[in-house]
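Along the sequence shown, residues are numbered consecutively beginning with 1. Whatever order the structure lists them in is the order used to number ligands and atoms, beginning at 1.
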Amino acid sequence: MKTADVIVIGGGIAGASAAAEIAGGGARVLLLEMESQPGYHATGRSAAMYEPSEGAPVVRALTRASYSFLSRPPEGFVDVPLLSPRGVLMLAYAGDEKLIEEAKHNGYVAVDAAFARSKLPLAKLDDAIAILWDGEAQDIDVDALHVGRLRALRRAKGEVIADARVQRGARAGGVWRLDAGKEACEAPTIVLAAGAWSDQVAGSCGVAPVGLQPKRRSAAIIAGPAGISVNDWPEILPIDISFYCKPMGGKLMLSPAEEEPVEPHDAWADDLRLAEAAAGLERLVDMSVQRLERTWGGLRTFAPDGLPVVGFDPDAEGFFWLAGQGGYGIQTSPALSRLAAELIAGHEVPADLAREGLSPAPLSPGRFR
Ligand SMILES: Cc1cc2nc3c(=O)[nH]c(=O)nc-3n(C[C@H](O)[C@H](O)[C@H](O)COP(=O)(O)OP(=O)(O)OC[C@H]3O[C@@H](n4cnc5c(N)ncnc54)[C@H](O)[C@@H]3O)c2cc1C
């Protein structure tokens with residue numbers, strides 16, 4: 001039987017970040033991950049973007065509040081920058097007037113064709129009624145962020161156990177006891193950061209679900225136009241987000257940006273949707289997509305109101321939710337994990353998060369009960 005002060009279930013970016021923050025505060029932390037590799041699911045399959053102009057107001061506040069960590073990680077965290085400049089070029093067409101206003105309200109600025117071509121010389125702009133630019137959008141080095149969190153956890157004497165799928169949990173005598181394959185563990189507090197599986201894991205602990213819905217999103221790597229470096233291209237997308245495309249590892253990542261409701265599973269790509277995305281890209285950029293070099297699918301998991309679920313369950317003592325990050329779980333992970341660590345320690349919302357207007361109530365699982 002292993003004992004800890006806090007057991008975190010799930011080794012993606014949410015669980016790893018929260019575990020590191022909690023252990024950094026002096027608690028003994030155990031992180032249980034069902035796969036042999038933490039980061040195997042949503043965290044390892046993202047578009048790796050930091051986009052402060054995207055999402056609901058609460059998400060944008062969490063993203064802004066995460067910037068200081070991402071731009072200036074703590075001394076010794078990792079030896080590469082976590083952020084690097086990217087930018088997003090968004091094209092709008094007749095009928096998109098309302099979306100244009102919303103995008104401007106959220107931080108996009110209108111630019112002219114010359115500016116757009118300076119960023120993406122092959123852009124086809126003739127039919128666009130507006131060209132919008134988010135110069136604050138950056139690439140996130142997700143591997144470095146995730147590895148840095150796991151290292152910080154180990155430095156703070158936390159333990160990571162892989163191949164440990166939590167199958168059952170029950171509370172008795174003031175502690176949660178979890179059965180996770182070969183491991184049996186006990187702690188007064190557990191943090192549920194199991195991504196798409198969070199409602200299922202709650203159920204196996206006798207805790208009511210909050211109504212999370214995993215949604216599949218497909219992605220592919222394609223080659224850029226022959227003889228042209230795509231490394232400095234911005235992310236490009238139509239304003240209805242019917243697809244998006246961005247540089248990744250010297251090539252291009254393409255996604256149809258679909259939101260297909262599915263059960264939690266090891267997701268794979270929908271090739272038909274990817275073919276539609278390729279056709280969409282060819283309409284916006286003067287290039288032809290010859291083949292999909294590699295494809296994958298990932299699950300973005302949403303609560304009924306689309307906001308993250310962070311806080312103690314009102315009906316299950318010591319049971320803390322950290323789920324429902326949707327499409328923003330990487331870029332919001334610094335703020336969400338600090339918030340989680342402070343709430344678990346019984347503290348107030350940190351001052352910088354409060355200054356962004358963040359408070360526990362809109363994120364609490366209690367809002368679904
Ligand atoms: C195509 C795509 C593009 C995206 N782009 C972006 C982006 O640009 N920027 C951004 O911020 N976000 C993006 N996201 C969203 C982001 O990837 C997620 O919000 C984030 O990774 C969620 O992290 P997580 O740790 O909650 O989930 P996960 O990474 O899925 O981690 C959950 C972990 O829990 C483990 N687990 C599950 N059940 C159990 C159990 N019973 N016992 C033990 N362990 C268990 C799983 O194995 C998994 O490792 C994107 C997602 C996709 C799919």
Geometric class of the Tyr50/Tyr67 ring pair [parallel <30°, tilted 30-60°, perpendicular >60°]: tilted
Can you find an N/O atom of [X] closer than 3.5 Å to an N/O atom of ligand 1?
X: Ala47; value: yes
X: Ala42; value: yes
X: Ile330; value: yes
X: Gly327; value: yes

Within-shell test, Ala180 vs ligand 1, heavy atom, strictly < 4.0 Å: no
Among all protein heavy atoms, pick the one closest to [atom] and tell me residue, atom and distance.
atom: atom 47 (O) of ligand 1; result: Glu33 OE2, 2.6 Å
atom: atom 45 (C) of ligand 1; result: Met34 CG, 3.6 Å
atom: atom 29 (O) of ligand 1; result: Thr43 OG1, 2.6 Å

Ligand 1 atoms in contact with Ala14 (distance to a heavy atom under 4.0 Å): 24 (P), 25 (O), 26 (O)
4.5 Å side-chain heavy-atom contact, Arg45 and Tyr40: yes
Short side-chain donor-acceptor distance under 3.5 Å, Glu136 and Ser53: no
Arg217 NZ/CZ over Tyr244 ring centroid, <6.0 Å and within 45° of normal: no
